[in-house]
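Structure record follows, encoded as structure tokens.
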Amino acid sequence: MTQITPQPGIMDIALYQGGAAHVDGVSNVTKLSSNENPLGASPKAVEAMAQAAAKMHRYPSSDHIALRTAIAETHGLDADRIICGAGSDEIIAFLCQCYAGPGDEVLYTEHGFAMYRISALAAGATPVEVKERERVTDVDALLAGCTPQTKLVFIANPNNPTGTMISEAEVARLADGLPKGALLVLDGAYAEYVEGFDAGAKLVEARDNVVMTRTFSKIYGLGGARIGWGYGPAEIIDVLNRVRGPFNVSSTALAGAEAAVRDRDYVEACRVENAKWRGWLADQLAEAGVPSDTSCTNFILARFASQAEAEACDDFLKARGLIVRRVAGYNLPTALRITIGDETACRAVAAAVKAFKSGQGAE
């Protein structure tokens, strides 16, 4: 047996399970398991990526200045305080690598994004899971969970997979109450689905202990390109850039993201369409006896009476080519996370869940 062993914490990492995309025996499926934008990317982003592909023999920009400038101009931020990564996942990993290690603690909520725990363990730190209050981030519980060893506190706002969010005042209260030397990370992957929401940008600029992460994988429809960004105090961004690979983001991704973030009309159209069908689907599921919390994202967390019922409904949907996400791994065994698809997909899901609840699922 090999005597070569990985660093402590690595073998405690459970492999991340992405949303399924196939169903055995079913050829025509609708994937609603990964919170992807059913409308796809902006045509301007697709065109920009196609043009960039013609120059793939050249290394990409190492300072990402064109994209950072586009983000800064769109959101009213300081380009020098922006860092770009291969999805916001990479920014999360940088934060853990730079600010947490053996003997340090990384806090996150019980239904929080899996990468918080994974990145903490990869850095050798101790992940600490804190209770939520009925699937909503509990600031008091997070503050009570802090110790002198706490170095990072992650919250997604809105949260995945619950779809819920807390107020800016509550986020500020959390930032103000953290131990000295602890950093609050606001994961804004779904921020664009909330009208007029800055995902905590003003809080970042007002304090020295808050960082915001964002992604192009959701409303921008660039999940396959793997690109995201972070915004924080200049000193924090300087530290993160020291571990960032010089060419960590591809030239095609940079070009697509720049075009996408500047196409504000397309983003707004996607937000409005998502809100329309999110509300419609939530109402239809409620009529069928399947409740959900008010979602601020592009998915609904549908709740069932038991784990057995949730899994039976999932099987019923899969048999009809509708792939949603089981979330037992997020401590939500009695729920299914359903991405908001286009009109056809939403109507198909509503009809299938109603059929299941009316007894057809027992056949």
Side-chain angles (χ1 to χ4, degrees), residues 17-41 111 134-135 158-164 190 192-195 217-219 221 223-224 269-330 332-363:
Q17 299 294 321
H22 307 284
V23 178
D24 290 343
V26 180
S27 58
N28 186 22
V29 300
T30 300
K31 184 186 177 191
L32 303 171
S33 57
S34 295
N35 301 339
E36 295 154 332
N37 184 342
L39 303 178
H111 306 309
E134 295 186 346
R135 299 166 304 281
N159 189 40
N160 170 31
T162 62
T164 60
Y190 298 90
E192 287 85 0
Y193 290 103
V194 183
E195 185 176 11
S217 297
K218 303 307 177 186
I219 204 167
C270 290
R271 187 193 65 77
V272 170
E273 188 73 0
N274 176 79
K276 172 184 176 180
W277 289 106
R278 180 182 63 199
W280 182 88
L281 183 57
D283 290 344
Q284 293 295 308
L285 295 184
E287 287 180 11
V290 179
S292 61
D293 298 312
T294 298
S295 174
C296 301
T297 60
N298 67 333
F299 59 84
I300 290 172
L301 185 70
R303 304 201 309 276
F304 295 83
S306 65
Q307 182 171 356
E309 185 186 31
E311 293 178 353
C313 185
D314 181 44
D315 290 338
F316 188 80
L317 292 172
K318 282 193 291 189
R320 284 151 182 76
L322 299 168
I323 306 176
V324 300
R325 183 75 175 265
R326 294 188 187 188
V327 283
Y330 284 94
L332 292 162
T334 65
L336 297 175
R337 193 190 69 187
I338 305 173
T339 301
I340 306 304
D342 58 15
E343 177 179 357
T344 300
C346 287
R347 291 189 182 279
V349 168
V353 172
K354 286 181 178 180
F356 170 79
K357 292 292 287 186
S358 68
Q360 295 181 37
E363 295 177 1

When the side chains of residues 310-319 are checked against the rest of the protein, which donor-acceptor pairs come out under 3.5 Å, sequence neighbours left out?
{"unit_1": "Glu311", "atom_1": "OE2", "unit_2": "Gln307", "atom_2": "NE2", "d": "2.9"}
{"unit_1": "Asp314", "atom_1": "OD2", "unit_2": "Arg326", "atom_2": "NE", "d": "2.6"}
{"unit_1": "Asp314", "atom_1": "OD2", "unit_2": "Arg326", "atom_2": "NH2", "d": "3.4"}
{"unit_1": "Asp315", "atom_1": "OD1", "unit_2": "Arg326", "atom_2": "NH2", "d": "2.9"}

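Residue pairs satisfying the salt bridge (Lys or Arg N to Asp or Glu O under 4.0 Å) criterion with at least one member in residues 332-352, sequence neighbours excluded, are listed as follows: Glu343-Arg347. Counting only residues at least two apart or in different chains, salt bridge (Lys or Arg N to Asp or Glu O under 4.0 Å) contacts with residues 275-298 comprise Arg135-Asp293, Glu287-Lys354, Asp293-Arg303.
When all heavy atoms of Cys270 and Ile219 are compared, the pair lying nearest together is CB-CG1, 3.9 Å. Annotation for Pro158 and Cys296: closest pair CG-O, 3.6 Å, computed over non-hydrogen atoms. When all heavy atoms of Ala355 and Ser358 are compared, the pair lying nearest together is O-OG, 2.8 Å. Looking at every heavy atom in both residues, Ala282 comes nearest to Ile300 through N-CD1, 3.5 Å. Here the closest heavy-atom approach between residue Ser33 and residue Thr339 is recorded as N-OG1, 3.8 Å. Of all the heavy atoms in Pro38 and Gly341, the pair that sits closest is CG-C, 3.6 Å.
Looking at residues two or more places apart in sequence or on another chain, you find no salt bridge (Lys or Arg N to Asp or Glu O under 4.0 Å) involving Glu134. With sequence neighbours excluded, the residues that form a side chain to side chain donor-acceptor pair (under 3.5 Å) with Thr164 are Thr162. In this view, Asn274 satisfies the side chain to side chain donor-acceptor pair (under 3.5 Å) rule with no residue, not counting sequence neighbours. Here Glu36 pairs with Lys31, Ser34 under the side-chain contact (heavy atoms from CB on, under 4.5 Å) rule; sequence neighbours left out. With sequence neighbours excluded, the residues that form a ring-ring contact (aromatic ring centres under 6.0 Å, His included) with Tyr190 are Phe299. Residues passing the side chain to side chain donor-acceptor pair (under 3.5 Å) test with Asn37, sequence neighbours excluded: none. Applying the side chain to side chain donor-acceptor pair (under 3.5 Å) rule to Ser292 yields no partners; only residues at least two apart in sequence or on another chain are considered. Legend: residues meeting side-chain contact (heavy atoms from CB on, under 4.5 Å) with Ala350, ordered by chain and number and at least two apart, are Trp280, Leu281, Gln284.
Atoms CZ and OH, on Arg325 and Tyr330 in that order, are 5.5 Å from each other to the nearest 0.5 Å. The OG1 atom of Thr344 sits 8.5 Å away from atom CH2 of Trp277, with the distance rounded to the nearest 0.5 Å.
Checked against Ile338 for a side chain to side chain contact (heavy atoms under 4.5 Å, CB included), the options Leu301, Leu285, Leu322, Ile323 give a single hit: Leu285.
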Walk me through whether Asn35 and Lys218 qualify under side chain to side chain contact (heavy atoms under 4.5 Å, CB included). CA-CA 7 Å; Asn35 301 339; Lys218 303 307 177 186; 3.9 Å; yes
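Side-chain contact check for Cys346 versus Ile340: some heavy-atom pair is nearer than 4.5 Å.
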